[in-house]
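Okay, structure first, notes after.
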There are 2 protein chains.
Amino acid sequence: MADENISDLIERYLKEILADNEQVKIRRSEIAGLFDVVPSQINYVINTRFTIQNGYIVESKRGGGGYIRIEKVHLLDDIDVLNSLIDAIGNRLSKRDSETIVQTLYNNDLINRREVGIILAAIDKDAIDLNNSDLTDIMRANIMISILNRLRYER
Amino acid sequence: MADENISDLIERYLKEILADNEQVKIRRSEIAGLFDVVPSQINYVINTRFTIQNGYIVESKRGGGGYIRIEKVHLLDDIDVLNSLIDAIGNRLSKRDSETIVQTLYNNDLINRREVGIILAAIDKDAIDLNNSDLTDIMRANIMISILNRLRYER
DNA sequence: AATTCTTTGACTAATATTGACTTTAATTAT
DNA sequence: ATAATTAAAGTCAATATTAGTCAAAGAATT
């Protein structure tokens, strides 16, 4: 417990609030001031400790009245399939492989027919085409991973 | 819930009225006075929060007895909603506008909460980012249109 | 010694607020 | 009737107020 750098302290501070609340809404500069660090360190703490893998989602808004909101989400129990699918996708994902993944999701009752349609529309070749099949496969991988991560929790 | 910016407060004020009425008719300077802001801020609020994507149409008149009227738009059926949303998307689509669209889909019972999450994941900034914000907005427009088109016949 | 993690700050991006100037419509004066 | 005045709303660019990114420097760990 005594091994604490400032990022750890900030993490602990936020998680203590999250122990009693579903979410924290902060003003970045305030927290930075509280711990006497530069504002961007708050981003560092968030990026390293409040990821979706840890069960947190983060929203923010800039400008007057801006904020950062961290929300704890409930990760589902049976997400092994999702996790292994995420792990299996590398940087690129072919159309064919993406269809296999969607089929797997459907077979495992992780998505319904309608959701199959939506996901296939989201990664549709024409939609994400960039005149560069390499880029298209990268884009497809990114989108698929983002969706799989979303399926890992419910709100 | 405190600490919202004034534009959010004005938005909320108007939407509360619109919850009970089909339309609001305001005198710009009055609302500005009520919230102690400059009159043109009312235009800012309207332009950013009461767009057609949001499901509102706005009419106004200048000169003596001038006014601004905000009206909830009433589209006949789901296809109308989808068509008008598709029409409103050009080549590019900002994050903000995309969120408005998804909200409108939800408000019109065209998608459920879970589908909101999936769609937002599909167009998430980090997912479709290619280190080029121009391309990001183009990609977001393409994906959103693809999904909207899917919803058009999958229902 | 090498690698990874943390801290810092300069620069960028998004959103909100303000105010000077313009346009339109109604009212009043000629 | 027509012109002048007044009373609105609209536009747009400048400024203010946040948060985000990224890379370099420093610290800790392996």
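First the proteins, then the strands, lettered A, B, ... as listed; each starts at 1.
Judged by a 6.0 Å distance limit and a 45° cone about the ring axis, B:Lys15 is positioned over the six-membered ring of B:Phe50. At least one cation-pi condition fails for B:Lys61 and B:Tyr67: the charged atom is not both under 6.0 angstrom from the six-membered ring centre and inside a 45 degree cone around its axis.
Think of the region where chain A sits on DNA chain C: with heavy atoms and a 4.0 Å cut, that region ends 5' and 3' at C:dC5 to C:dA16.
For D:dG20, the base has no donor-acceptor partner in the side chain of A:Arg62 [N/O atoms by modelled type, under 3.5 angstrom].
Nucleic acid contact for B:Lys95: none, since no nucleic acid atom lies under 4.0 Å from a heavy atom of the residue. Looking at heavy-atom distances under 4.0 Å, B:Arg69 makes no contact with the nucleic acid at all. As judged by a 4.0 angstrom heavy-atom cut-off over every strand, B:Ile42 is placed among residues making no nucleic acid contact. Contacts of B:Tyr44 with the nucleic acid, taken as non-hydrogen atoms under 4.0 Å apart, include base atoms. Looking at heavy-atom distances under 4.0 Å, A:Gly63 makes contact with a base.
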Pairing string of DNA chain D (Watson-Crick or G-U wobble, both atom distances under 3.5 Å; | = paired to other strand) is ||||||||||||||||||||||||||||||
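For the pair A:Asp8 CG and D:dA28 P, the computed distance is 12 Å after rounding to whole Å. To the nearest angstrom, C1' of D:dC12 lies 15 Å from CD of B:Gln41.
Note: the hydrophobic cluster containing B:Ile6 also contains B:Ile17 (ILVMFWY, side chain heavy atoms under 4.5 Å, direct or indirect links).
Under the side-chain hydrogen bond (donor to acceptor under 3.5 Å, both in side chains) rule, B:Arg49 has a single partner from B:Asn54, B:Thr100, B:Asp8, which is B:Asp8.
Between the side chains of A:Ser7 and A:Gln41, at least one donor N or O sits under 3.5 Å from an acceptor N or O.
Both B:Ser40 and B:Lys125 lie near DNA chain D, and the one whose nearest nucleotide falls closer to the 5' end is B:Ser40. Both A:Ile68 and A:Gly64 lie near DNA chain D, and the one whose nearest nucleotide falls closer to the 5' end is A:Gly64.
In this structure, B:Asp97 contributes its side chain and B:Leu93 its backbone to no donor-acceptor pair below 3.5 Å. Using a distance-only test at 3.5 Å, with no hydrogens or angles considered, a donor-acceptor pair links the side chain of A:Asn132 to the main chain of A:Leu135. A donor-acceptor pair is defined here as one N or O able to donate and one able to accept, closer than 3.5 Å; no such pair exists between the side chain of B:Glu30 and the backbone of B:Arg27.
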Apply side-chain contact (heavy atoms from CB on, under 4.5 Å) to the pair B:Tyr13 and B:Ile31, showing each step before the final yes or no.
-> CA-CA 10 Å; B:Tyr13 172 81; B:Ile31 304 297; 3.9 Å; yes
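For A:Ser60 and D:dG20, the shortest distance from a side-chain N or O to OP1 or OP2 is below 4.0 Å.
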